[in-house]
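Shown next, in structure tokens, is the structure this report addresses.
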Amino acid sequence: MTLIRVFSDLDAISHEAASLFIKLAKESVKAQTRFVAALSGGSTPRRLYSLLGSLPYRDQVDWPRVHIFWVDERCVPKDHEESNFKVVFDRLLSKVPIPGTNIHRIKGEELSEHGARDYEAHLKEFFGLKDFPIFDLVLLGMGEDGHTASLFPGSKWLNDTKRLVIPVHLKNPNLDRVTLTLPVLNHARNILFLVTGHSKAKVLAEVMTVKSHRHPYPAARIHPIHGRLLWFIDPESSSKLRSDNWGMGRGEPHQSTA
Ligand code: 6PG
């Protein structure tokens with residue numbers, strides 16, 4: 001099922017996303033005693049992380065039962081301003097009673113190949129599996145070039161069906177990253193995209209129209225196998241969506257405005 005919701009601005013998106021996080025955490029803890037989420041970097045989710053780390057949201061989550069992973073990481077030390085771990089830690093994890101053992105960061109300080117191998121081994125150990133992990137929630141953003149996580153258009157890994165985690169080398173800016181792969185993302189129970197801004201409107205309209213699993217935009221290849229896909233977007237990013245985009249041809253989407 002795909003659900004698209006348009007909110008008045010980033011603040012409204014962030015409040016709704018915080019409420020959804022709490023709801024999913026409660027449901028998952030009830031059903032399977034823990035809630036496992038993979039979070040993204042970028043600027044868009046920062047307000048959400050701050051809200052979850054403050055009242056009234058903070059006290060509505062059973063933090064000792066929550067496990068936080070990352071969708072991707074930049075290869076920088078964990079106290080670097082560009083670190084996705086730091087973004088989440090400073091705003092959220094340092095403010096809530098989550099045990100250190102429930103924080104599963106990608107080791108950005110290592111070479112990307114090592115960081116990827118290490119994270120893949122950790123995922124297999126944590127989920128105790130040979131197949132793909134199933135996150136209760138994967139939080140994603142989308143770039144103006146259609147990338148999501150650290151999966152960029154043209155990446156040789158886009159068609160890989162076996163790896164859980166891959167190293168990524170970017171030329172501009174010259175930076176290594178580590179990212180979960182499409183199959184891992186698509187196995188999640190819930191995938192939530194947060195997208196704002198006029199600069200993403202064109203790509204968003206295309207991503208919403210596309211039906212191909214081979215589209216050059218990695219964001220267009222996010223199709224949960226069994227789970228739910230949710231888009232929380234603002235009026236600017238949704239400005240180029242056509243009425244048939246709301247149909248998307250995948251499940252039973254809804255449009256709502258808050
Ligand atoms: C990252 C991300 C990346 C991000 C998009 C959107 O670590 O940068 O995982 O995929 O979500 O680039 O970023 P913005 O929210 O800054 O637009």
Side-chain angles (χ1 to χ4, degrees), residues 7 9-14 16-18 37-52 68-78 80-93 104-109 112 115-116 119 135 137-155 157-158 164-182 184-186 188 191-204 206-207 216-222 229-239:
F7 297 90
D9 54 22
L10 178 60
D11 203 51
I13 287 177
S14 306
E16 193 63 23
L39 304 179
S40 279
S43 55
T44 315
R46 292 179 182 209
R47 175 78 177 127
L48 163 65
Y49 300 150
S50 298
L51 287 175
L52 285 172
I68 298 293
F69 287 76
W70 275 260
V71 162
D72 63 340
E73 185 57 280
R74 291 158 172 79
C75 291
V76 293
K78 66 178 182 172
H80 193 284
E81 285 309 315
E82 298 253 327
S83 160
N84 285 350
F85 165 78
K86 181 172 164 56
V87 166
V88 181
F89 187 80
D90 287 356
R91 289 163 180 78
L92 170 58
L93 301 178
H104 309 268
R105 74 181 182 90
I106 301 172
K107 289 185 184 142
E109 66 274 26
S112 56
Y119 196 48
F135 286 100
L137 172 66
V138 163
L139 183 72
L140 294 175
M142 187 189 76
E144 291 168 26
D145 58 357
H147 82 259
T148 191
S150 286
L151 296 163
F152 290 83
S155 163
W157 294 103
L158 291 182
L164 307 186
V165 186
I166 51 165
V168 176
H169 178 68
L170 293 183
K171 290 206 177 83
N172 191 17
N174 189 351
L175 183 66
D176 285 343
R177 296 189 185 205
V178 172
T179 187
L180 295 178
T181 56
L182 285 170
V184 173
L185 301 175
N186 280 327
I191 301 178
L192 172 61
F193 268 101
L194 304 184
V195 179
T196 61
H198 193 74
S199 63
K200 295 181 183 172
K202 198 164 162 279
V203 171
L204 186 63
E206 196 168 331
V207 165
Y217 291 154
R221 297 185 179 211
I222 297 293
L229 176 60
L230 300 117
W231 291 86
F232 286 5
I233 59 182
D234 69 349
E236 284 75 28
S237 59
S238 66
S239 60

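Each residue takes its place number in the sequence, starting with 1. Both counts, for ligands and for their atoms, begin at 1 and track the order of listing.
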Worksheet item: Quick one: does ligand 1 sit under 4.0 Å from the side chain of Arg177, the backbone, both or neither, non-hydrogen atoms only?
Response: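 Side chain only; the backbone of Arg177 stays clear of ligand 1.
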Among all protein heavy atoms, pick out the one at the shortest distance from [atom]; state its residue, atom name and that distance to 0.1 Å.
{"atom": "atom 13 (O) of ligand 1", "result": "Gly42 CA, 3.8 Å"}
{"atom": "atom 5 (C) of ligand 1", "result": "His147 NE2, 3.5 Å"}
{"atom": "atom 17 (O) of ligand 1", "result": "Lys200 NZ, 2.4 Å"}
{"atom": "atom 6 (C) of ligand 1", "result": "Met142 O, 3.6 Å"}
{"atom": "atom 11 (O) of ligand 1", "result": "Gly141 CA, 3.3 Å"}

Practice prompt. Answer with yes or no whether Arg74 contacts ligand 1, where contact means a heavy atom under 4.0 Å from a ligand atom.
Written response: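 Arg74: in contact with ligand 1 (<4.0 Å).
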Worksheet item: Which class fits the ring pair His104 and Phe69: parallel under 30°, tilted 30 to 60°, perpendicular over 60°?
Response: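 Ring orientation, 0 to 90° scale: parallel.
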Item to complete: Let me know which of Leu194, Leu192, Leu204 forms a side-chain contact (heavy atoms from CB on, under 4.5 Å) with Trp231.
Response: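 Considering Leu194, Leu192, Leu204, a side-chain contact (heavy atoms from CB on, under 4.5 Å) with Trp231 is found only for Leu204.
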Please determine if [X] has a nitrogen or oxygen closer than 3.5 Å to a nitrogen or oxygen of ligand 1.
{"X": "Thr44", "answer": "yes"}
{"X": "Asn84", "answer": "yes"}
{"X": "Ala149", "answer": "yes"}

Item to complete: Classify the side-chain pair Arg47/Ser14 by whether it contains a donor and acceptor separated by less than 3.5 Å.
Response: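 No, because no side-chain N or O of Arg47 sits under 3.5 Å from a partner of the opposite role on Ser14.
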Discussion item. Do Ser237 and Asp234 pair up side chain to side chain, a donor and an acceptor below 3.5 Å, judged on atom types alone?
Written reply: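 Yes, Asp234 and Ser237 have a side-chain donor paired with an acceptor closer than 3.5 Å.
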Discussion item. I'd like to know if the side chain of Lys200 reaches the main chain of Val195, judged simply by a donor and an acceptor atom lying under 3.5 Å from each other, with no hydrogens or angles considered.
Written reply: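 No.
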Worksheet item: For ligand 1, which atoms have a heavy atom of Thr148 less than 4.0 angstrom away?
Response: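 Per the distance check, 10 (O).
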Worksheet item: For ligand 1, which atoms, with element, lie under 4.0 Å from some heavy atom of Asp72?
Response: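 Those atoms are 1 (C), 2 (C), 7 (O), 9 (O).
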Worksheet item: Could you state the interatomic distance from CZ (Arg105) to CG (Leu39), rounded to the nearest 0.5 Å?
Response: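 It comes to 15.0 Å.
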Worksheet item: About how many Å separate CZ of Arg46 and OG of Ser40, when rounded to the nearest 0.5 Å?
Response: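 Atom-to-atom, Ser40:OG and Arg46:CZ are 12.0 Å apart.
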Worksheet item: Given Val168 and Ser112, is the side-chain contact (heavy atoms from CB on, under 4.5 Å) satisfied, shown in steps?
Response: CA-CA 7 Å; Val168 176; Ser112 56; over 6 Å; no
